[in-house]
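First the structure, which I've put down as structure tokens, then a few questions once you've had a look.
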Amino acid sequence: MYASSTTPSGTPPGICDVLVVGGGVIGLVTAWRAAQRGLRTAVADPAPGGGAAQVAAGMLAAVTELHHGEQTLLALNLASARRYPQFTAELEEASGQDTGYRACGTLAVALDADDREHLRELHALQLRSGLESQWLTGRECRRLEPMLAPGVSGGLRVDGDHQTDPRRLARALLTACERAGVVFHRAEAVRLLRDGERAAGAELADGTRVPAGQTVLAAGSRSGIMAGVPEHVLPPVRPVKGQVLRLRVPGSYAPFLSRTVRAVVRGGDVYLVPRSNGELVVGATTEELGWDTTVTAGGVYELLRDAHELVPGITELPLVEARAGLRPGSPDNAPLLGPTALPGLHAATGHHRNGVLLTPVTGDVMAEVLTCGRLPEEARPFSPRRFSNALQEPPA
Ligand code: GLY
């Protein structure tokens with residue numbers, strides 16, 4: 001039915017060039033960039049602009065979230081972090097909206113000897129990886145952030161790890177997509193359409209069939225359960241629950257914190273992200289509980305307990321929201337980007353803890369894939385094919 005070309009000219013009139021399944025920030029940035037390149041693009045999502053970004057804190061933490069064994073991912077994270085200022089300017093221009101990007105830096109602190117040891121190891125890894133990070137004494141940390149607890153005994157100052165506001169980012173992307181001519185189908189895509197051995201769009205929950213020359217699975221953790229996708233092609237993503245709180249800093253308290261403050265307390269990450277609009281985001285739990293998005297007393301208690309150890313003054317602040325979301329986790333914590341083993345089907349999912357950070361680079365990578373059929377060099381290690389059963393893969 002479709003020509004094998006991956007360019008717009010290869011798709012018959014009346015059929016979109018690209019259908020993006022999922023309208024979270026990853027699906028939206030893919031659609032926006034594809035439409036900018038002249039592809040007729042549609043998005044299927046019952047509530048575009050929603051998804052995990054509605055819960056995310058928006059840390060752009062390439063350096064402070066570095067983990068042993070994830071140096072390949074680090075390169076992609078840094079590439080995306082570097083693009084953020086330009087990406088933000090372009091998106092704000094295209095949408096006419098502020099996205100809340102703040103070049104504020106991050107302070108990762110330690111409370112006890114174990115935390116200090118953990119931070120020392122992270123610091124050594126950062127330096128070995130050529131990253132900028134400065135060790136501070138407890139007193140130096142408190143000089144930067146006077147609300148920190150007296151027990152803070154040291155920390156890492158990382159001036160390059162910034163933040164953006166994921167809810168504003170999603171809204172701006174939605175508007176930019178609309179202005180670029182992206183068509184929205186406000187229904188869930190429930191089944192991949194096939195034309196022989198080629199993906200050919202999707203069927204929606206209301207029975208509508210949306211044929212497309214190329215289809216992108218960008219449905220976050222739900223990308224792994226799409227009907228009609230052959231078993232060996234399904235992205236191996238799973239939901240990883242995160243509970244997050246939002247507090248409000250009254251005007252009279254400002255500045256409460258001037259940068260993101262984070263720590264590992266009792267083995268779990270806790271971070272406090274202060275927005276310029278007075279919101280203070282406290283996150284996040286990491287729970288392997290399937291599709292559960294219940295906010296639990298235990299989750300809220302642990303977040304407040306750990307955040308209070310870092311910044312005792314938070315108990316004075318109004319608690320305005322507690323919410324849980326699902327990160328799309330992959331087996332190696334890295335995203336799946338580009339062509340799958342099924343011709344015409346691409347993935348843009350599995351971004352796990354880095355969805356907001358990786359939004360700019362994902363848009364650029366997917367636009368290149370959709371227009372030229374080529375995975376750019378920087379994204380080669382993130383091909384979905386690394387998880388496919390090699391015996392069932394067609395020759396490259
Ligand atoms: N990147 C922060 C989180 O996933 O909790």
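Predicted, not measured: the structure shown is a model, and the values here were computed from it. All ligand and atom numbering here is 1-based and tracks the order in the structure.
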- Message: Listing request: all salt bridge (charged side-chain N to carboxylate O under 4.0 Å, His left out) pairs with a residue in residues 290-304, at least two apart in sequence or in separate chains.
- Response: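 Of all non-adjacent pairs touching residues 290-304, those that pass salt bridge (charged side-chain N to carboxylate O under 4.0 Å, His left out) are Lys241-Asp292.
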- Query: Which residues pass the side chain to side chain donor-acceptor pair (under 3.5 Å) test with Glu132, sequence neighbours left out?
  - Reply: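 So Glu132 forms no side chain to side chain donor-acceptor pair (under 3.5 Å) with any residue.
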Residue by residue, ordered by chain and number, which ones reach under 4.0 Å of ligand 1 with a heavy atom?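 Lining ligand 1 at under 4.0 Å, by heavy atoms, one finds Met59, Glu65, Tyr271, Ala284, Arg327, Arg353.
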inquiry  = Using a strict threshold of under 4.0 Å (side-chain N to carboxylate O), is an ion pair present between Asp161 and Arg259?
reply    =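 So Arg259 does not pair with Asp161 through a salt bridge.
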Subject >> Over all atoms of both residues, closest heavy-atom pair of Thr340 and Arg385 >> reply: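 Looks like O-NH2, 3.1 Å.
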| Is any NZ, NE, NH1 or NH2 atom of the basic residue among Glu288 and Arg238 found under 4.0 Å from an Asp or Glu carboxylate oxygen of the other? |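 Yes, charged N to carboxylate O under 4.0 Å.
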With sequence neighbours left out, which residue pairs that include part of residues 114-125 fulfil the side chain to side chain donor-acceptor pair (under 3.5 Å) condition?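 Only Arg116-Ser153 qualify under side chain to side chain donor-acceptor pair (under 3.5 Å).
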